[in-house]
Amino acid sequence: MPLKVYNTLSGKKELFETIEPGEVRMYVCGPTVYDSCHIGHARSVVFFDIVYRFLSAVGYDVTYIRNFTDVDDKIINRANQLGVSSEDISEKYINEFYRDMDALNVKRATIEPRATQHIGDIINIVSVLIEKNMAYPMDGDVYFRVASFEGYGKLSGRKLEDMEAGARIDIDERKENPFDFALWKTAKPGEPSWDSPWGKGRPGWHIECSAMSWQLLGESFDIHGGGKDLIFPHHENEIAQSEAAFGRQFVRYWLHNGFVNINSEKMSKSLGNTTLIKDILAVHHPETVRLFLLSNHYRSPIDFTDQSMKESAGNLDKLYGLLQRISDTYGNLPMVRLNSNNMSRYGEVWKEFFFSMEDDFNTARGLAVLFEAVRKVNRIMDDITDETAFETKYQVESIASDIVKIANIFGILTEIPYEYFDRKRSDALKSNTVDPETIETMIDQRTQARKNKDFATADRIRKELEDMKITIEDRADGTIWKVMD
RNA sequence: GGCGGCUUGGCCAAGUGGUAAGGCGACGGCCUGCAAAGCCGUUAUUCUCCGGUUCAAAUCCGGAAGCCGCCUCCA
């Protein structure tokens, strides 16, 4: 079971070996809660959700920490603009985060701490760093002394000397080195503040993650994740703080997900193309969003476009279509229990999926395995005869069971197929002026015409329905209809 | 200026030195009264280009071109 992960620290795929056998301690940077979550947040949160699900499913005991940074310049600015307190802002956006991520079927982490709950731990670390002479107080602020940490730059591959040349940084003459960063900031009037040995103040940006991970996972742990943008300076500074304070390796494996582009453009507020999760969910099924996010390798950029979403939506239909077909044929879905440690109960499809996922969480390849399985089941069911009925049921159940296990990792196919299609149809009807009763009546008329072999009338009615953006399918047990995309 | 990444069929996209997954689209077929859905088949002798290593390269090395990201708040 050789799981390999790409480690930003080494720039290579490495064999995954945990500090404690069978246990994974994992910390992922959550949002700074000053604004609504966009599709980029969704990518990071959904990806690490899948890492969490996968590691748990293959038998690890996973402690997963995902934090909220709820004290920060951006939150304070926002609060001042709106004339409310910082807590009002952070509470509002924490609630929004949960609403979005719950909708996306993201599992809650083991612990979801907030920076403001760990002020004491932050002060402790800062004090240790000052004692070790690796940080210095200055007019109520405390700065980390970058030059005192030998490994500074090892994550992002930067050298202090190289950076100084062209870097755009505000020159603060009080700092010993322009790259020294604030561990503690003295409070300005009206800002949230806490008592500290250096006076009233609040934490700097990076220190909260060092404090929370230390407190909840220990001085050294297995996985630290986040978006690529956090590599520098955030994660570089975390390493500096934590390793300087504790004198040992902070994190074994650093995982960073790539960005989401919008129609091939970088998503940014200046371009005005920041795409919020809640806006996407108003149009797309949450599982469509997950399927879309899984369709590329997590470290590559992914392009959010109408076409890519349409494809993912079609693929989701295909998956639910199979589940419905199985359910229509056999009455119920295979009962699946995701109880790991017993690989013998997993079929070939799961094994293929596992090989894909253990290679640096290759979800795109895992998706290919899933679709191959779907096609295989459809093929089997196309070919059912009386003689093969018993045998094929066993085959279908076996493969379908793997499909559902895979879906559990991907966090999709959580609905009853009938309800999925029903809801999809009623959602589509909201933007359509046609009422269902008219459709049903027309379908009845067409069914009657077909019974009478009056195919001209039958085809005319279908044409009329198509003009109303309604498509129909004649099935063994009757005619069903859908709203066209 | 420094650092990093990417370039695979009409489009999206995997690819672990051994002879190109998967999805969408298109075309042909099976099924169907006709459709739809599903299935089958065809769609890359070739992986931006030029060299090199090797029995063997999309995969390794060197170079060129194009695109992109980070270095400033950012998932």
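Residue numbers start from 1 in every chain, and the chains themselves are labelled A, B, ... in the order their sequence lines are given, proteins ahead of strands.
When heavy atoms are screened at a 4.0 angstrom cut-off, G227(A) is found touching the sugar-phosphate backbone but no base atom. Contacts of V260(A) with the nucleic acid, taken as non-hydrogen atoms under 4.0 Å apart, include base atoms. Residue R379(A) is classed as a sugar-phosphate contact, given heavy-atom separations below 4.0 Å to backbone atoms only. Residue H38(A) is in base contact, counting any heavy-atom pair closer than 4.0 Å across all strands shown. At a threshold of 4.0 angstrom between heavy atoms, the contacts of L230(A) are confined to the sugar-phosphate backbone, with no base atom among them. M267(A) comes within 4.0 angstrom of a nucleotide base, judged by non-hydrogen atoms across all strands. No engagement by G321(A) is indicated, since no non-hydrogen atom pair under 4.0 Å with the nucleic acid exists. If you check every strand for non-hydrogen atoms under 4.0 Å, E372(A) touches sugar and phosphate atoms only.
Mapping R462(A) and R325(A) onto RNA chain B by nearest heavy atom places R462(A) at the nucleotide closer to the 5' end.
When each of U16(B), A13(B), A75(B) is scored by its nearest atom to the side-chain atoms of K13(A), the top-ranked nucleotide is U16(B). With distances taken from any side-chain atom of S44(A) to the nucleotides G33(B), A75(B), G15(B), the minimum falls on A75(B). Checking U16(B), C70(B), C39(B) against the side-chain heavy atoms of R158(A) singles out C70(B) as nearest. Side-chain proximity of N315(A) to the nucleotides G33(B), A75(B), C24(B) is greatest for C24(B). Minimum atom distance to the side chain of Q307(A) is reached by C11(B), of the listed G38(B), C11(B), C40(B).
With R202(A) as the fixed residue, the salt bridge (charged side-chain N to carboxylate O under 4.0 Å, His left out) test singles out one of D141(A), D73(A), D72(A): D73(A).
Between E311(A) atom CD and A26(B) atom P the separation is 12 Å, expressed in whole Å.
Taking a 4.0 Å limit (strictly below) on heavy-atom distances, residues 468-478 of chain A reaches RNA chain B at I472(A), E473(A), D474(A). Contacts between residues 438-454 of chain A and RNA chain B, counted as heavy-atom distances below 4.0 Å, involve R446(A), R450(A).
When the C1' atom is compared between U8(B) and A44(B), the two are found 8 Å apart, to the nearest whole Å.
A salt bridge between K92(A) and D88(A) is absent, with no side-chain N of the basic residue lying under 4.0 Å from a carboxylate O of the acidic one.
Between T288(A) and M309(A) there is a side-chain heavy-atom pair separated by less than 4.5 Å. Taking the side chain as every heavy atom from C-beta outward, H284(A) and L316(A) never approach each other to under 4.5 Å.
A side-chain donor-acceptor contact under 3.5 Å links K278(A) and S36(A).
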Under 3.5 Å, N/O pairs linking protein and nucleotides 65-69 of chain B:
none

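In the interface, the side chain of D459(A) is paired with the base of G33(B) through a donor and an acceptor atom under 3.5 Å apart.
Under the stacking definition used here (centres under 5.5 Å, planes under 30°), the residue F371(A) fails to qualify as stacked on the base of G22(B).
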